[in-house]
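Working notes for the structure below.
Indexing begins at 1, ligand by ligand and atom by atom, following the structure's order.
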Amino acid sequence: MKKLELGAVSAIALVTAGMATAEPKAEVLHWWTSGSEAKSVAVLQKEFAENGGTWTDMPVAGGGGDAAMSALRARVLSGNAPTAVQLKGPAIQEWYEEGVLADISSVAEAEGWGDVLPASIAGHMKCEGSWCAAPVNVHRVDWIWANADVLEANGITMPTTWDEFNAAAAKLQAAGVIPLAHGGQAWQDATVFEAVALGILGAEGFRKAFVELDEATLTSDAMVAVFDQMRTMRGFVDPNFPGRDWNLATAMVMNGEAAFQIMGDWAKGEFLAAGAKPGEDFLCASVPGDGFLYNVDSFAMFDVDGEDNQAGQELLAKLIVGESFQTVFNLNKGSIPARVDVALDDFDSCAHLGAKDMAASADNGSLLPSYAHGMALRGAQAGAITDVVTAHFNSDMSSADAVQQLAAAIANSL
Ligand code: BGC
């Protein structure tokens with residue numbers, strides 16, 4: 001009996017000693033592989049290492065993260081989840097429902113996340129009231145980027161309506177410039193589509209279509225007009241667009257081969273990494289129409305064994321929402337901090353414009369989640385929409401057929 005008790009005591013001592021000496025470790029799955037993305041995630045790796053952490057990198061190339069999400073599924077199914085994963089929007093809730101996420105409420109409460117994050121962002125990070133993800137930033141999706149010299153040489157200013165955009169694009173095309181730099185990948189088609197949709201449907205229409213999946217809006221004349229505009233845009237891309245990565249499309253704008261790109265502000269990260277200056281070398285404007293499509297990157301921690309892994313998750317979560325990381329990371333990434341208390345003094349004019357528009361949109365009800373970047377809908381519904389958008393963009397499908405297919409695909413996915 002005595003021996004047993006002693007044994008129990010030393011086991012507790014061992015566990016306690018183990019906790020005290022836990023060495024934070026993390027295997028981190030993410031899809032940040034372009035030049036500016038890699039530079040941004042390196043900031044987290046550095047802070048993690050400076051705080052005693054050992055980082056195992058699991059980058060999965062592929063803009064928008066589709067390939068990363070397939071890799072994640074395979075890892076979780078084989079019972080070997082990574083410790084930390086770039087995950088966002090409703091996908092966080094979907095994984096939570098699978099029972100595989102770790103609860104990071106102790107870090108969130110100790111660090112006062114509730115006081116420094118806007119309620120709209122905090123809502124995405126909570127699963128049934130507990131904290132299940134840590135937000136990194138706010139990316140805006142509905143931007144147009146342009147090469148300043150190319151516009152000036154052709155007597156064009158940033159378009160403020162889609163008609164102006166079409167007229168500018170036609171003029172550029174006649175002058176031998178590729179009007180729109182685009183990469184034919186489903187998520188890039190979806191990115192352009194939702195930007196066009198916001199402009200043509202308006203904020204309320206966008207919400208009805210892509211948040212509420214309202215059938216009348218999905219099949220409305222306005223939605224037909226959205227597909228018409230997509231057909232027009234198809235005429236403004238070069239023949240080599242299929243499969244092109246988004247950052248290569250950004251490079252075409254940078255080197256003057258193309259005039260415009262419609263892409264989230266991770267594209268600005270690429271301009272800045274190349275030393276280009278906003279307002280001088282490149283221009284930024286929100287796409288024609290009112291509203292703000294947000295895309296919040298975040299990390300979720302998966303349920304894994306081992307003191308070291310758990311210590312790694314806690315350290316990562318703490319650093320991610322920390323003020324210094326939120327500043328340096330977002331300066332490189334092209335986004336703005338998720339925290340409301342981080343000063344934007346060092347940020348460029350596009351970031352200031354984004355922050356101002358975001359505040360105004362929050363006030364007037366036009367702050368909306370991006371469907372193309374997994375903030376508005378669950379995977380099955382978002383995927384159903386994107387399939388139709390891509391099929392339309394890459395064929396001669398009529399706009400009327402596209403809206404019918406859209407409504408049918410969504411009905412099948414529910
Ligand atoms: C992510 C960004 C990323 C972009 C391109 C988006 O979905 O939110 O962080 O830079 O995809 O990969």
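The salt bridge (charged side-chain N to carboxylate O under 4.0 Å, His left out) pairs that include a residue from residues 176-202 number zero, where partners must be two or more places apart or lie in different chains. Applying the ring-ring contact (aromatic ring centres under 6.0 Å, His included) test to residues at least two apart or on different chains, the pairs with a partner in residues 368-390 are Trp187-His373, Phe210-Tyr371, Trp266-His373.
Between the side chains of Thr83 and Gln313, no donor-acceptor pair of N or O atoms lies under 3.5 Å.
Under the rule for a side-chain hydrogen bond (donor to acceptor under 3.5 Å, both in side chains), the partners of Asn295 that lie at least two apart in sequence or sit in another chain are Lys88.
A salt bridge links Lys25 with Asp308: the distance from a Lys NZ or Arg NE/NH1/NH2 to an Asp or Glu carboxylate oxygen falls below 4.0 Å.
Every protein residue with a heavy atom nearer than 4.0 Å to ligand 1 is included here: Trp31, Trp32, Glu37, Gly63, Gly64, Lys88, His139, Trp246, Trp266, Asn295, Asp297, Lys333, His373.
Remark: aromatic rings of Phe299 and Trp32 are close, center separation under 6.0 Å.
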